[in-house]
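In what follows, a single structure is set out as structure tokens and then discussed.
Start at 1 and go down the list; that is how both ligands and their atoms are numbered.
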Amino acid sequence: MNILVLGSGGREHAFAHQLARSEKCSRIFVAPGNAGTATIATNVSLNVNDFDAVKELVLEEKIEMVVVGPEDPLVGGISDFFARDPHLREVMVIGPSQKGAQLEGSKEVAKEFMLRHGIPTAAYKSFTADNLEAGKAFLQELKPPYVLKADGLAAGKGVLILQDLEEAQQELENMLKNDKFGSAGSTVVIEEFLDGIELSVFVLTDGKNYAVLPTAKDYKRIGEGDQGLNTGGMGAVSPVPFADSALMEKITNRIIIPTVEGLHKDDINYKGFLFLGLMMVGEDPYVIEYNVRMGDPETEVVLPRIEADLVETLQRTWEGRLDEVDLRVDPRTAATVVLVSGGYPEAYEKGKPITGLDKVKDALVFHAGTRMENNQVLTNGGRVLAVTAFGEDYQEAINKSYQNASQVHFDKIYYRKDIGFDLF
Ligand code: AMP
Ligand code: GLY
């Protein structure tokens with residue numbers, strides 16, 4: 001079958017890599033893709049939010065499956081667009097309907113969903129410009145730190161955690177009155193601060209059955225020791241050592257099952273990945289956020305550990321027969337280190353030649369922000385490459401990833417040297 005992956009990051013390269021390994025995969029397309037996906041797939045330059053352009057490609061290349069990487073097209077309703085079109089109806093779109101994607105597209109919708117289905121999450125109230133004063137008064141009732149969340153998509157920047165009450169009240173006003181996050185911040189969720197350890201759990205669901213994928217931990221801050229600005233993610237490891245079977249059972253019973261049943265009860269069509277951002281408060285898991293897609297760079301350690309045929313797994317998901325899939329997982333540890341452009345997550349330069357990729361041995365290099373020009377791979381984004389390696393334990397996987405990362409060079413390269421060090 002011909003398959004299209006939408007997106008251009010390390011996550012999408014990892015998807016293309018894993019899909020291409022299947023005997024069921026004939027041709028694979030990535031739109032828009034990067035220099036890495038170009039080595040295993042046909043890149044097609046298009047905007048993933050231009051559904052008519054996606055339609056044209058799908059019909060022209062007889063594509064039977066579309067795997068949607070990022071959240072934007074899902075929140076924009078790409079699954080419904082396909083379902084409504086008589087020429088596209090049979091195409092297997094892996095990703096939820098627009099209603100399902102609201103679990104990520106609106107924090108308020110997600111909160112209401114959790115409340116309705118008894119899923120543990122931080123207590124909250126939401127506010128708009130019309131009740132700004134009530135919002136300020138609500139903050140006064142809470143204890144610091146104060147957690148403010150822009151309701152809509154804000155490219156991962158819409159959450160503020162503040163110690164000072166006056167600053168929190170001012171930021172609330174900035175979001176509601178001064179368009180701090182544009183329309184994403186016209187509703188703000190204020191919630192209780194949860195103090196604990198974060199954990200990401202990934203689930204694949206056909207709306208009825210579910211499969212729990214390997215756990216992962218990502219490293220969000222730019223600096224070593226988790227200091228400095230938030231990024232898309234500077235590295236990841238899988239599995240997470242403290243997520244043992246007892247904890248996973250608790251998470252399954254208290255969160256995963258009620259979530260999948262909630263989707264069903266609410267008549268939400270959901271065939272795709274669900275990313276649970278969790279906080280362990282003592283022994284109890286709480287949902288911090290839902291994402292309706294896989295994480296990046298978590299995908300770069302989660303997918304390579306899945307031994308089941310990914311094309312077949314996704315096909316069964318589409319058919320509502322995910323219960324027939326045996327999702328075998330490689331017991332080894334995977335680690336990935338993300339190589340970024342100096343300056344990221346603030347301003348950085350692009351177009352730097354990348355060398356040493358041919359020296360990488362026994363590791364997978366997933367491209368994120370790269371492009372090809374005259375047979376030379378150039379940097380083309382903040383996050384440039386993710387170097388994934390396997391090991392019998394954390395130490396081996398991480399060392400191997402760093403050894404290979406050190407072979408790669410470009411001007412102003414930067415990466416954290418402490419990914420996974422908290423684990424041993
Ligand atoms: P989100 O975009 O919802 O994942 O939030 C970004 C980050 O803010 C999370 O990864 C957490 O580290 C933190 N965070 C979000 N909500 C809370 C909360 N209620 N309590 C503590 N930390 C939070
Ligand atoms: N690495 C976090 C995310 O993909 O949202």
*Below 4.0 angstrom from a heavy atom of E191, which ligand 1 atoms are there? Numbered from 1 as shown, please.*
16 (N), 17 (C), 18 (C), 19 (N)

*Pi-cation contact, F51 with K55 (under 6.0 Å, within 45°)*: no

*Considering all heavy atoms of both residues, which atom of K352 and which atom of D411 are nearest to each other, and what is their separation?*
NZ-OD2, 3.1 Å

*If we ignore angles and hydrogens, is there a donor and acceptor under 3.5 Å between the side chains of D206 and T317?*
no

_Hydrogens and angles aside, do S22 and D309 bring a side-chain donor and acceptor to less than 3.5 Å of each other?_
yes

_Per-atom contacts, ligand 2 versus G295 - under 4.0 Å to a heavy atom_ = 4 (O)

*asked:* My understanding is that we take every heavy atom of each candidate and find the minimum distance to atom 3 (C) of ligand 2. Doing that for R293, M294, E289, which one comes out nearest?
replied: R293

*Under 4.0 Å from any heavy atom of M279, which atoms of ligand 1 are there?*
21 (C), 22 (N)

*Can you sort out which atoms of ligand 1 are near K220, meaning under 4.0 Å from one of its heavy atoms?*
10 (O)

*Which atoms of ligand 2 sit under 4.0 Å from any heavy atom of G232?*
1 (N), 2 (C)

*Identify, by atom number and element, the atoms of ligand 2 in contact range of D218, meaning under 4.0 Å from any of its heavy atoms.*
1 (N), 2 (C)

_Contacting atoms of ligand 1, where contact means under 4.0 angstrom from a heavy atom of K149_ = 3 (O), 15 (C), 16 (N)

*Please say whether I161 places an N or O atom under 3.5 Å from an N or O atom belonging to ligand 1.*
no

*Please determine, by modelled atom types, if E108 and S126 share a side-chain donor-acceptor pair under 3.5 angstrom.*
yes

*asked:* As an exercise, identify every atom of ligand 2 less than 4.0 angstrom from a heavy atom of F275.
replied: 3 (C), 4 (O), 5 (O)

_Positive for side-chain hydrogen bond (donor to acceptor under 3.5 Å, both in side chains) with S238, one of R332, R305, E300_ = R305

*Is the centre of the F421 ring less than 6.0 Å from the centre of the Y394 ring?*
no

*Location of contacts on R11 toward ligand 2, heavy atoms closer than 4.0 Å*: neither

*Please say whether E298 places an N or O atom under 3.5 Å from an N or O atom belonging to ligand 2.*
yes

_To check your reading of the model: name the closest protein heavy atom to atom 4 (O) of ligand 2, its residue, and the distance in Å._
D296 N, 2.9 Å

*Using the salt bridge (charged side-chain N to carboxylate O under 4.0 Å, His left out) rule, take D80 and K99 through it: C-alpha gap first, then chi angles, then the decisive distance, then the call.*
CA-CA 9 Å; D80 312 75; K99 202 170 158 199; over 6 Å; no

